Structure formats: structure tokens, C-alpha cells
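Structure record follows, encoded as C-alpha cells.
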Amino acid sequence: MTKKTDGAEDETSQAAKRTGPARSGLMTAAPDSADDTEGSELSPRDYVNSLARGLDVLRAFNRTRRKMTLSEMAVETGNTRAGVRRILLTLVHEGYAVADGKLFDLTPQVLELGYSVLSSKGVWDIARPFIDHLSEELRESVSAAVLDRFDVVYVSGTQYHRVISVGISVGSRFPAHTTATGRVLLAAQPPEMWPGMIQNIPLTRMTDFTITDREAFRRILEDVRDKGWSLVVDELEIGLMSMAVPLYNSHGNLVGSINVGAPTVRMTPDMMVEYILPKLQETVANISRALKQ
């Protein structure tokens with residue numbers, strides 16, 4: 001990996017890298033009204049390189065690497081140790097991170113950066129009672145997610161507490177190709193997006209069952225697009241099965257997906273299709289109707 005040096009890489013090249021076509025069009029949390037796009041085009045002189053590096057550091061923390069050293073963070077982000085140190089110390093000073101010896105970790109305060117946005121989406125306020133009802137009826141965990149480039153981010157949900165349960169908290173982020181929510185959202189992208197999407201999506205292997213062949217993954221997305229739902233078993237985590245259906249807003253725009261997760265010790269794929277799918281589709285249809293009122 002080529003390392004960045006503070007100030008050595010100009011703003012123009014950084015902006016070009018981060019605003020390329022691979023990222024365009026892959027955020028499906030569509031608003032209920034047209035955006036005010038005046039002045040939204042990014043020019044190189046508008047690009048804040050230091051902010052982008054700070055965001056790189058924040059994104060490097062994940063479920064499997066909650067605590068990292070300066071050296072690990074530098075390798076993960078491609079920044080210099082000196083640059084990473086300044087960013088992490090700033091996060092510590094502002095209360096978004098803590099230092100435990102050589103290890104750095106994020107604090108719950110970091111949730112403030114995204115929660116106000118997620119909670120302001122009126123669609124999820126409307127969807128929440130339907131999600132709660134479905135979870136209670138199925139006695140399984142139900143969640144809602146949106147697509148952020150090649151990840152899914154969970155924006156709402158209800159965890160049904162059983163001895164063995166599936167719990168996904170608001171703000172959790174997972175690779176889209178390994179989840180049912182991600183596949184229905186990717187499959188719903190416009191046809192012109194597909195070539196670049198299939199070519200650029202990192203098909204990281206999460207388990208022995210994860211699909212990593214691009215042609216095979218394309219065929220899966222085509223099948224999901226035709227059926228209108230997705231079922232994924234053991235590809236994100238062994239023992240986890242999930243089913244998702246896309247959700248559209250009052251303008252017919254894709255805003256996210258609704259997902260039911262269940263452990264494989266309690267549910268089979270046939271049971272998901274025969275029992276869970278009709279109730280999930282009914283719930284999504286009810287939410288869509290509620291969004292139009």
C-alpha cells in the first residue's frame with residue numbers, strides 16, 4: 001500500500017481519488033423530496049484533505065478491530081504515523097476516542113456524528129412500529145438498512161431476545177455482498193451502474209461460504225433483482241441466516257431494505273421462504289403504503 005505523506009499529495013489528486021465513479025449512485029437513502037443541489041459539485045480547492053484523512057481513521061475502526069495502535073492505523077489507512085497520531089490525539093481531546101497505553105479505541109460519543117442524521121429520516125420513524133410488530137409476530141430480530149457505497153448501515157431495528165438471538169444495533173456496518181440487505185440494495189441499482197459496481201465491489205471472504213467470484217455474484221444479484229428478495233446463509237457469519245426485501249418511499253425511490261435475521265439452529269432456508277417471506281413482504285408493503293399517506 002502506498003503511504004500518504006502530510007502535504008505531499010496535492011488536493012487535486014486526493015479529490016479525484018475520492019469522488020470517482022465507483023462511489024457515485026450507491027447511496028440509496030433517498031429523501032422524500034428533491035435535494036437542493038446548487039453548489040454541490042466538488043472542486044479540488046474545496047476538498048479538505050485533513051478532514052478526509054480523519055474520516056479514514058474513523059472508518060478503520062470496526063467490529064473485529066476495535067482497538068488499534070498507531071502503526072496498525074497507519075498501515076490500515078495509508079497515512080503516516082505522524083499524521084495518524086495528530087488525528088487520534090484530536091479525537092481523544094474532543095472525547096471521540098480514548099488511549100489505553102499504545103492502543104486507541106472509539107468512545108460512544110462518536111455515535112453523535114451519525115445518530116442525528118439517522119434519527120431525522122422520517123421514513124424510519126414511520127417504519128418503526130411495523131418493524132416492532134413483525135419482530136413480535138415472528139419472535140425474531142428485524143432491522144432496516146441503507147446502502148453506503150459497498151457497505152450496509154443499519155438505521156433501525158428491533159432485537160427479539162431469546163436464548164439464541166441475532167442482534168444488530170443502529171449504526172452497525174457490514175459488507176453489502178455478504179448480507180441479504182446489501183444484495184437487495186445492490187440488485188436495485190440502475191442498470192448503468194452494474195458494470196462498475198460488479199467490477200469494483202470488494203468481494204472479501206468472511207466465511208468459507210462467502211461468494212467471491214464476480215460472475216457468480218452477478219448471477220446472484222440478477223436472481224435477487226428478478227425475485228425481489230434475498231436470502232443469505234452463513235456468508236457473513238457461520239450460523240446466521242437473513243432474508244431481506246427492498247423498501248421504496250412515496251416517490252418510488254429505493255430508501256433501504258427490511259431484514260429478518262435468524263440463527264440456522266432454529267430456522268431452515270425453506271422455513272424462511274415459506275413462513276418468513278410472506279410476512280416480511282406484507283410488512284414492507286404496509287410501510288410503503290404508510291409512506292404515501
Side-chain angles (χ1 to χ4, degrees), residues 15-38 40-42 121 123-124 127 143-155 173-206 209-233 235-236 242-260 269 272-273 277-278 280-285 287-289 291-292:
K17 286 181 180 179
R18 296 177 182 273
T19 57
R23 181 177 291 271
S24 175
L26 285 174
M27 169 60 88
T28 58
D32 284 335
S33 59
D35 289 330
D36 180 4
T37 58
E38 181 180 357
S40 63
E41 292 299 319
L42 177 67
K121 298 293 184 183
V123 61
W124 305 119
S143 55
V146 297
L147 189 67
D148 182 8
R149 200 183 185 194
F150 298 128
D151 290 339
V152 287
V153 180
Y154 288 84
V155 294
R173 176 184 293 265
F174 299 105
H177 71 287
T178 63
T179 66
T181 53
R183 288 183 181 178
V184 296
L185 295 172
L186 290 171
Q189 295 301 306
E192 62 270 18
M193 294 289 300
W194 277 52
M197 181 177 73
I198 299 296
Q199 179 63 34
N200 289 291
I201 186 170
L203 298 177
T204 306
R205 184 180 298 278
M206 305 297 287
F209 298 96
T210 305
I211 301 298
T212 58
D213 180 79
R214 296 193 184 279
E215 285 304 313
F217 188 68
R218 173 188 283 276
R219 291 193 294 271
I220 288 173
L221 290 189
E222 289 172 345
D223 182 58
V224 169
R225 179 190 59 195
D226 295 341
K227 293 187 304 187
W229 55 270
S230 175
L231 175 65
V232 175
V233 184
E235 292 196 47
L236 174 65
S242 63
M243 172 172 278
V245 172
L247 174 66
Y248 294 85
N249 68 8
S250 56
H251 297 281
N253 298 319
L254 182 69
V255 295
S257 63
I258 307 298
N259 172 84
V260 175
M272 292 288 279
V273 173
L277 179 59
L280 177 57
Q281 290 173 322
E282 180 183 9
T283 296
V284 169
I287 296 173
S288 294
R289 281 193 292 270
L291 294 176
K292 295 178 181 178

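All values derive from a computational prediction rather than experimental measurement.
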4.5 Å side-chain heavy-atom contact, Val123 and Leu291: yes

Validation row: Leu236, Phe174 side chains within 4.5 angstrom (heavy atoms): yes

Donor-acceptor contact below 3.5 Å, side chain Asp148 vs main chain Asp151: no

Audit row: Asn259, Met243, side-chain contact (heavy atoms from CB on, under 4.5 Å) steps and yes/no: CA-CA 6 Å; Asn259 172 84; Met243 172 172 278; 5.5 Å; no

Shortest non-hydrogen separation from Tyr248 to Ala188 and the atoms involved: OH-CB, 4.1 Å

Which atom of Leu147 lies closest to which atom of Ala176, heavy atoms considered: CD1-CB, 3.8 Å

Heavy-atom pair with the smallest gap, counting every atom of Val184 and Val245: CG2-C, 4.3 Å

side-chain contact (heavy atoms from CB on, under 4.5 Å) assessment of Val233 paired with Phe209: CA-CA 8 Å; Val233 184; Phe209 298 96; over 6 Å; no

Check: Trp124 and Leu247 side chains under 4.5 Å, non-hydrogen atoms: yes

Beyond-backbone contact of Ser242 with Val260, side-chain heavy atoms, under 4.5 angstrom: no

Validation row: Leu186, Trp194 side chains within 4.5 angstrom (heavy atoms): no

Close side-chain approach of Arg173 and Tyr154, heavy atoms under 4.5 Å: no

Shortest non-hydrogen contact between Ala145 and Leu185, atoms and distance: O-CD1, 4.0 Å

Result block: side-chain N/O donor-acceptor pairs under 3.5 angstrom for residues 218-226, not counting sequence neighbours:
residue: Asp223; atom: OD2; partner: Lys227; partner atom: NZ; Å: 3.0

Derivation of the salt bridge (charged side-chain N to carboxylate O under 4.0 Å, His left out) call for Arg183 and Glu235: CA-CA 12 Å; Arg183 288 183 181 178; Glu235 292 196 47; 2.6 Å; yes

Closest heavy-atom pair and its distance - Ala180, Val232: N-CG2, 3.6 Å

Distance-only side-chain donor-acceptor flag, Thr212 / Arg205, under 3.5 Å: yes

Step-by-step side-chain contact (heavy atoms from CB on, under 4.5 Å) determination, Ile201 to Arg214: CA-CA 9 Å; Ile201 186 170; Arg214 296 193 184 279; 3.7 Å; yes

Derivation of the side-chain hydrogen bond (donor to acceptor under 3.5 Å, both in side chains) call for Thr179 and Thr181: CA-CA 5 Å; Thr179 66; Thr181 53; 3.2 Å; yes

